[in-house]
Visitor: 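Sharing a structure below in C-alpha cells format, with a few things to ask.
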Number of protein chains: 2
Amino acid sequence: MHRHIADALYREILSGRHPPGARLPAEVELAERYGVARGTVRQALADLGADGVIASRKGARRVVLGLPLTQSFSELLSFSAWARALGEEPRGRVVELTRREATAVDADRLGLPVGETVYYLVRVRLLSDTPVMIERTTFPGPIGEMVATFELERESIFEELGRRGVDLARARHQMEAIPATAEDSRLLGLRRAAPLLRERRTTSSTAGERLEWSDDRYRGDAVSFAVENAVAARSVGRLLSAFGEGGREG
Amino acid sequence: MHRHIADALYREILSGRHPPGARLPAEVELAERYGVARGTVRQALADLGADGVIASRKGARRVVLGLPLTQSFSELLSFSAWARALGEEPRGRVVELTRREATAVDADRLGLPVGETVYYLVRVRLLSDTPVMIERTTFPGPIGEMVATFELERESIFEELGRRGVDLARARHQMEAIPATAEDSRLLGLRRAAPLLRERRTTSSTAGERLEWSDDRYRGDAVSFAVENAVAARSVGRLLSAFGEGGREG
DNA sequence: CAGTGGTCTAGACCACGTG
DNA sequence: ACGTGGTCTAGACCACTGA
C-alpha cells in the first residue's frame with residue numbers, strides 16, 4: 001500500500017501537478033484521500049524522500065525538490081539499463097571469455113583462495129555503434145558457469161542473474177581518472193593516455209558473499225557519474241586513499 | 001530516543017560485540033531492553049540500515065554487514081575532513097578570490113539571475129606539500145561575503161559555514177575524467193592533458209536554496225572516490241548523459 | 001494560534017526463514 | 001511450528017512554521 005501511494009504521488013509530480021517548489025498536501029489529508037492511517041502515508045513519503053524527490057521540515061508542508069537522478073539501484077550496475085534510458089539498444093562485443101585461476105587481486109576482491117577457478121570476461125560496450133566502455137569482469141566459478149551460458153552480445157548480465165535468483169544486494173564502487181593503456185586506446189579508438197574514468201566495483205549478496213568484481217573504463221568525454229546525498233542518508237563517502245593506493249593492477 | 005538507540009547499537013558494532021555477519025537481537029528484544037515500543041526500535045534500525053551498517057530480510061534477524069566507508073556527510077564535502085582522516089594537516093593556497101557578476105553557468109547552477117553578484121574562489125589544496133586538487137567555487141553574494149572573512153588558507157569553509165548556522169543539507173555531485181587544461185597542469189605541476197578527476201557539486205539547503213557550486217579537479221593518481229549502495233537505499237545513480245552533455249564550461 | 005511534521009505507543013495480521 | 005521482520009491502525013504529545 002505505501003508503495004502504491006508513493007508511486008501515485010511520484011506520478012503526480014512527474015505530471016507537473018506538483019512542480020519543484022510546490023508544497024504537497026498534508027499527511028492527514030493524504031491519509032484521508034487514500035483511506036489509510038497516517039503512518040502508512042509517512043512511509044510512502046519517506047520512500048520519496050530517500051530518492052531526493054521531496055524535502056520535509058518540522059512544522060511546514062513537504063516541498064517538491066525535483067526529479068531524482070535515477071530511479072533504481074540496478075541502473076548503477078547495469079550498462080543495459082543505462083543505455084535503454086538513453087533510448088539506445090544496449091550492445092556489447094565480447095573480446096574475451098576465459099576460465100582461469102584467481103590472481104592475488106581476484107582473490108582479494110572476491111574473497112577466494114588464490115588459484116581457485118574464476119571466469120574472466122572482457123566486453124566492449126557500444127552506444128550508437130561507438131565504443132564507450134570496456135568492461136573487465138571476474139566471476140567466482142559457479143556464477144561464471146551461469147554467465148558463460150548467456151547471450152553476452154545482447155543480454156544484461158545483472159538482469160539475467162537477477163532473474164535466475166542470484167541475490168545481488170550491495171555494491172561498492174571506486175572511481176578514478178586514469179590514462180588509457182595501449183589496449184584501452186585500441187579497443188576504444190582513442191589516442192594513447194586519453195583520460196578514462198575507471199569504475200572498480202565489487203557486488204555482494206545480502207549475506208556479504210562476493211558475486212563479481214569488475215574494472216570498467218569509460219571514455220572521459222562520453223559519460224559522467226552522478227551522486228546525490230542528504231544529511232539523513234549517510235551512505236556515500238570519499239574513499240580514504242591517496243597516492244598509489246588502489247594500485248595499477250587493472 | 002531512536003537516535004540514542006541507533007548510536008548505542010552502532011557503538012556495540014564498533015566495539016566488536018556484533019562482528020560483521022553476526023545477527024542482531026530481535027526487535028522485540030531491543031524494545032524490551034530500552035523500554036520503548038517496537039516502532040521506535042525499528043526507526044533506530046532504519047537509521048543504521050540507511051548507513052549500510054546492517055541488512056534485513058523478512059523472517060530473519062538483522063545481519064551486521066560491516067562499517068560504512070565514511071561516518072559523516074561533511075566528509076564528502078570537506079577536503080579538510082578528508083585530509084585529517086589521512087593524518088594530514090589540511091592546507092590550501094588561495095589563487096583567486098573575486099566578486100563578479102554571475103555567468104549563465106553560475107546562474108543555472110545557483111538558481112540566480114545572470115549578472116547577480118557572486119563570489120569566485122580558486123584554491124589549490126595540498127597533501128604533504130604536494131598539490132592534489134584545484135577547487136573553483138562560486139558562492140551567492142550573501143554566502144560569499146561570509147566566506148571572504150574566513151582564514152581561507154587554513155579553515156574549512158563547510159565546517160565554518162555550518163558553525164555560523166548555514167543550513168547545508170543536500171549535495172549533488174557529478175564526476176568525470178577530463179584532460180588537464182594549461183592552467184590545471186600549471187597549478188598541479190602535471191604535464192598537459194594529464195587525466196584529472198573532475199567533481200562538480202551543487203550544495204543546497206533543506207528548502208532547496210542553492211548555497212554554492214564548485215568545480216573540483218583532482219590529480220588522477222592521487223585520489224579515488226568510493227560509493228556504496230544497497231538495494232534499499234536508492235540514493236545513488238548514474239547520470240543520464242552521454243557525449244558532450246555536461247559541457248566544458250569549467 | 002491553528003496546522004504540520006517528528007516522534008512514540010500498543011496493539012494487530014501476514015509472509016517469510018530457520019530449525 | 002515458531003519466531004522474525006514488514007506492514008498497518010488509531011490514537012497521542014510536542015516543537016516548529018506560517019499566517
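Please read these numbers as outputs of a predicted model, since none were measured by experiment.
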Visitor: Can you find a pair of side-chain heavy atoms, one from B/Trp213 and one from B/Leu211, that are under 4.5 Å apart?
Guide: no
Visitor: Could you state the CG-C1' distance from B/Leu24 to D/dG3, rounded to the nearest angstrom?
Guide: 16 Å
Visitor: Could you state the CD-C1' distance from B/Glu27 to D/dG6, rounded to the nearest angstrom?
Guide: 8 Å
Visitor: Base, sugar-phosphate, or nothing: which does A/Arg57 touch, judged by heavy atoms less than 4.0 Å apart?
Guide: sugar-phosphate
Visitor: Rounded to the Å, how far apart are A/Tyr34 OH and D/dT9 P?
Guide: 14 Å
Visitor: Out of D/dT17, D/dC8, C/dA10, which nucleotide sits closest to the side chain of A/Ala60?
Guide: D/dT17
Visitor: By nearest atom, which of the nucleotides C/dG5, D/dG18, D/dT4 is closest to the A/Arg62 side chain?
Guide: C/dG5
Visitor: If every non-hydrogen atom of A/Ser214 is compared with every non-hydrogen atom of A/Glu135, which pair is closest and at what distance?
Guide: OG-CG, 4.2 Å
Visitor: Establish, from distance only, whether the side-chain atoms of B/Glu212 and B/Thr203 form a donor-acceptor pair under 3.5 Å.
Guide: yes
Visitor: Ignoring the backbone of B/Met1, work out which of C/dG6, D/dG5, C/dC8 is nearest its side chain.
Guide: C/dC8
Visitor: Once you round it to whole Å, what is the distance between C1' of D/dA10 and CD of A/Gln43?
Guide: 16 Å
Visitor: What is the separation between atom CZ on A/Arg38 and atom P on D/dT9, rounded to the nearest whole Å?
Guide: 13 Å
Visitor: To the nearest Å, how far apart are B/Lys58 NZ and D/dG5 C1'?
Guide: 8 Å
Visitor: Quick one: are A/Pro19 and A/Val64 in side-chain contact, heavy atoms under 4.5 Å?
Guide: no
Visitor: Just how far, in rounded Å, is P of C/dG17 from CZ of B/Arg23?
Guide: 14 Å
Visitor: Is any side-chain nitrogen or oxygen of B/Arg42 closer than 4.0 Å to OP1 or OP2 of D/dG6?
Guide: yes
Visitor: Give the rounded distance in Å between these two atoms: CZ of B/Arg61 and P of C/dA15.
Guide: 22 Å
Visitor: Between A/Thr40 and D/dT9, is there a contact of a side-chain N or O with OP1 or OP2 at under 4.0 Å?
Guide: yes
Visitor: Given side chains that start at C-beta, do those of B/Arg42 and B/Ser56 come closer than 4.5 Å, heavy atoms only?
Guide: no
Visitor: Starting the side chain at C-beta, find the nucleotide from D/dG5, C/dG6, C/dC8 nearest to B/Ala26.
Guide: D/dG5
Visitor: If only side-chain N and O atoms of B/Ser56 are considered, is one of them under 4.0 Å from the OP1 or OP2 phosphate oxygen of D/dG6?
Guide: yes
